[in-house]
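Ligands are counted one by one from 1 in listed order, and the atoms in each one are counted from 1 as well. This is a predicted model, so every value here is computed, not measured.
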Amino acid sequence: MYRPTIAQIDRAAVRDNVARIGQIAGTDVCAVVKADGYGHGAVDVATAAIEGGARMLAVALVEEGEQLRRAGVDAEVLLLTEPPVAALDAMVAARLTPLVYSHAAIVALAAIAQQQKTPLSVHVKVDTGMGRVGVPEAQWEDSLRWLTDSPLAVTGIATHLACADEPGNPVTAHQQQQFARYLSMAADSGLDPVHVHAANTAGALAHPNVRHTMVRAGIGIYGLSPSREIVAADYGLRPALRLRSEVSYVKRISAGTPVSYGHRWKAPVDGWIATVPIGYADGVPRALTNRVHVLIGGDTHPMVGTVCMDQVLVWCGETAPSVGDEVVLIGDGLPAEHWADAAETITYEIATGITARVPRKVVA
Ligand SMILES: *Cc1c(COP(=O)(O)O)cnc(C)c1O
């Protein structure tokens with residue numbers, strides 16, 4: 001790689017964040033490493049999470065689970081949604097534990113279990129108000145019968161919270177009550193799974209009643225905040241990603257000189273402008289145009305002018321930058337949360353938006 005634009009990954013931060021979340025929740029932690037570990041690199045994050053005490057890992061795709069297995073990761077890996085039926089054999093071969101909720105998946109998995117004559121472990125997912133996937137309450141009795149009549153071993157019952165990132169939202173308590181009804185019906189039909197889990201990071205940090213035996217933490221293990229109201233740093237979590245580059249070109253311009261597409265910024269006075277080789281094709285949202293700062297040599301400077309595909313510009317005023325000076329875009333006290341706010345999105349989209357063109361490099 002010739003370009004100095006790199007996402008540096010601090011594995012120790014992930015390890016410590018997992019331990020911290022486990023401590024706060026007082027439960028097992030399932031470390032969610034889907035979407036290439038929220039853009040941090042799934043394998044490095046997965047191994048760091050295990051070092052931090054994660055009981056299991058979770059992914060969204062069979063392919064993501066296969067990647068972990070190829071890298072030698074041996075921990076239990078949950079698959080958070082049912083894969084296409086055509087992928088079930090690959091899922092079983094990769095020893096992924098599915099969250100099931102449809103009759104079709106239960107039947108297909110039961111057939112595989114019958115055939116291979118070993119019990120197949122599943123977690124069943126119920127819908128308590130997320131409204132996305134999960135067994136609806138009206139179907140729970142039937143689903144319990146399908147499961148208990150099958151050779152499948154139900155080792156977990158799970159649900160997902162829709163509004164946990166808003167601490168005052170009453171929906172979370174309502175979901176918790178509905179989950180309790182599902183759990184008591186499951187107990188009545190003889191199910192006593194080891195794992196009961198509902199909480200994402202926001203639930204784990206801010207909602208003591210939803211923790212059960214395990215929390216599924218994604219964003220928090222990366223040291224990022226689930227929302228404006230639930231701030232990762234307040235819980236002792238620290239960011240694991242530092243996005244850095246170097247100044248590639250410098251020039252002095254005079255007051256009133258416009259820069260970049262659309263001439264959406266003009267120099268207020270005579271001064272120095274630096275070009276940095278990173279752009280929206282690397283995951284710098286174009287919506288950040290004229291809205292955030294970067295660090296050059298430890299000093300804060302505004303990023304100015306329209307964000308381009310491969311480059312951005314930084315106004316240095318009277319401070320003359322040099323080609324090769326380090327530019328920090330995220331990290332060293334410039335949190336990804338600033339980008340999320342400025343682009344009117346969430347940290348999740350910022351982290352997963354850093355594209356494959358940016359090499360990930362483990363630094364600690
Ligand atoms: C992604 C995901 C999580 C992790 O959520 P965070 O808010 O990142 O902690 C947990 N559970 C399910 C079902 C998910 O899809």
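- By the criterion of a heavy-atom distance under 4.0 Å, both the backbone and the side chain of Ile219 are placed next to ligand 1.
- Of the heavy atoms in Lys125, only side-chain atoms (C-beta onward) come closer than 4.0 Å to ligand 1.
- Ile230 approaches Ala164 most closely through the heavy-atom pair CD1-O, 3.5 Å.
- Ranking protein heavy atoms by distance to atom 11 (N) of ligand 1, first place goes to Arg216 NE, 2.8 Å.
- Ring geometry for His123 against His195 counts as parallel: the plane angle stays under 30°, on a 0 to 90° scale with 60° as the upper cut.
- Paired with Met56 under the rule side chain to side chain contact (heavy atoms under 4.5 Å, CB included), one option of Glu76, Arg216, His197 passes, and it is Glu76.
- In summary, Arg360 and Asp44 do not engage in a salt bridge, as defined by a charged side-chain N under 4.0 Å from a carboxylate O.
- With respect to Asp74 and Arg95, a salt bridge is recorded, a charged nitrogen being found less than 4.0 Å from a carboxylate O.
- Where the criterion is an N or O separation shorter than 3.5 Å, residue side chain and backbone included, Gly218 meets it with respect to ligand 1.
- Ion pairing between Glu326 and Arg244 holds under the 4.0 Å rule for side-chain N and carboxylate O.
- Of the protein's non-hydrogen atoms, the one nearest atom 4 (C) of ligand 1 is Tyr38 OH, 3.4 Å.
- Nearest protein neighbour of atom 5 (O) of ligand 1, counting heavy atoms only, is Asn200 CB, 3.5 Å.
- Protein heavy atom in closest approach to atom 12 (C) of ligand 1: His160 CE1, 3.4 Å.
- Using a 4.0 Å cut-off between charged side-chain N and carboxylate O, Arg252 and Glu318 make a salt bridge.
- Looking only at protein heavy atoms, the nearest one to atom 9 (O) of ligand 1 is Thr201 OG1, 2.5 Å.
- For ligand 1 and Tyr348, the ligand atoms under 4.0 Å from any heavy atom of the residue are 6 (P), 7 (O), 8 (O).
- Among protein heavy atoms, the minimum distance from atom 15 (O) of ligand 1 is reached at Lys34 NZ, 2.7 Å.
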